[in-house]
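Down below is the structure, laid out as structure tokens.
FYI, side chains are in, hydrogens and waters are out, and symmetry mates aren't considered; it's all heavy atoms of this structure. Proteins get letters first, then strands, A, B, ... in listed order; numbering begins at 1 in each.
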Number of protein chains: 2
Amino acid sequence: MAKHDPDLSLLFHAMADGTRRAILAQLAEGPAAVTDLAEPTGLKLPTVMRHLSVLEEAGLIVSSKDGRIRTCAIRPEAMEPARAWIEEQRAVWAARLDRLDQFVMRMMEENAHDKAESGDKD
Amino acid sequence: MAKHDPDLSLLFHAMADGTRRAILAQLAEGPAAVTDLAEPTGLKLPTVMRHLSVLEEAGLIVSSKDGRIRTCAIRPEAMEPARAWIEEQRAVWAARLDRLDQFVMRMMEENAHDKAESGDKD
DNA sequence: ATCATGTTTAGCCATAATGCTAAGTATCAC
DNA sequence: GTGATACTTAGCATTATGGCTAAACATGAT
């Protein structure tokens, strides 16, 4: 339970941009070259390059160069920590609700006992 | 399939900060007042207030004021779109792998046929 | 060798994000 | 009312982000 998890911050930050999510979505369909990734965004190449390096530093993609073409590929397993963190919050919250539930149940039972002791004839 | 999904950007951006994730984790255990949320962070109140408003604008928390105390509570269902987006990327990627699989299978079959036609005697 | 193609680097600009302090407002306790 | 408590607002400094252009570099085609 690290208080500051830089990996998670990098991950979420990488996914927090619409352009980068579009790039990831495109790469989910298959590897692509930098130019092919840039075209649908309508942005200039250097700008796209920067997005790509953010994605790569977050571990969400890998890339390799063959000749003058750099091919990028998604690494879907890199999203797992993000998914897991979200899941854990849900789990903690659910556990708390369970405790609340049990608490309420106990209160209701005790209340029933009290009523029974003080006379159930009403 | 909106190209630019501002909600998702807000969500991921809100979760991209360690302090905010710590606050969410604390709130998963139960509602808390602003001061109680500020204390473990070591940050000043105005700074924490800002983090809280980022979380609230993303829909991740709600808050209400009773007297001079503002109580914040998590809204775990707000994380669902983020979880769903991650899940969809995985699904698209998995579907692509399936297609690749089938492609390879077909290639292998055709290759087998070719060999059979041109003579299967080794 | 020359030229087109596909990045890559460097540097600039505008805006947004994260922290702070100082001063304000509202409520509760006396 | 006075003072303490719990935010809230305003404003400022620093750094990060997201876009651009212009120029460099590397490779493939002629």
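Taking atom CD1 on B:I69 and atom C1' on C:dT25, their separation rounds to 16 Å, with Å as the unit. The NZ-P distance, from B:K44 to C:dA23, rounds to 15 Å in whole Å. When the C1' atom of D:dC7 is taken as reference, atom CG of B:D36 falls 13 Å away, rounded to whole Å. Between A:E39 atom CD and C:dT7 atom C1' there is a gap of 16 Å when expressed in whole angstrom units. For the pair A:M49 CE and C:dG6 C1', the computed distance is 10 Å after rounding to whole Å.
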Enumerate the protein-to-nucleotides 15-18 of chain C contacts in which both atoms are nitrogen or oxygen and the separation is below 3.5 Å.
residue : atom : partner : partner atom : Å
C:dT18  : OP1  : B:R20   : NH2          : 3.2
C:dT18  : OP2  : B:R20   : NH1          : 3.1

Enumerate the protein-to-nucleotides 23-30 of chain D contacts in which both atoms are nitrogen or oxygen and the separation is below 3.5 Å.
residue : atom : partner : partner atom : Å
D:dT27  : O2   : A:R68   : NH1          : 3.2
D:dG28  : O4'  : A:R68   : NH2          : 3.1

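Pairs of residues two or more places apart, or lying in two chains, that qualify as salt bridge (charged side-chain N to carboxylate O under 4.0 Å, His left out) and include a residue from residues 27-50 of chain B are A:R99-B:E29. The side chain to side chain donor-acceptor pair (under 3.5 Å) contacts involving residues 60-71 of chain B comprise B:E56-B:S63, B:S63-B:R70, where partners must be two or more places apart or lie in separate chains.
Contact between the side-chain N/O atoms of B:R70 and the OP1/OP2 oxygens of D:dT8 is found at a separation under 4.0 Å. At the phosphate of C:dT7, OP1 or OP2 sits under 4.0 Å from a side-chain N or O atom of A:T35.
Partners of B:E80 according to the side-chain contact (heavy atoms from CB on, under 4.5 Å) rule, which considers only residues two or more places apart in sequence or in another chain, are A:R90, B:R83, B:A84. Applying the side-chain contact (heavy atoms from CB on, under 4.5 Å) criterion to A:A73, with sequence neighbours excluded, gives A:P31, A:V62. Checked against side-chain contact (heavy atoms from CB on, under 4.5 Å), A:A25 has the following partners two or more places apart in sequence or in another chain: B:Q89. Partners of B:E57 according to the side-chain hydrogen bond (donor to acceptor under 3.5 Å, both in side chains) rule, which considers only residues two or more places apart in sequence or in another chain, do not exist here. Looking at residues two or more places apart in sequence or on another chain, you find a side-chain contact (heavy atoms from CB on, under 4.5 Å) between B:L43 and B:T19, B:T41, B:T47, B:V48, B:H51.
Across all strands shown, A:L45 has heavy atoms under 4.0 Å from base atoms, whether or not it also approaches the sugar-phosphate.
How far CG of A:L27 is from CH2 of B:W93: 13.0 Å, rounded to the nearest 0.5 Å.
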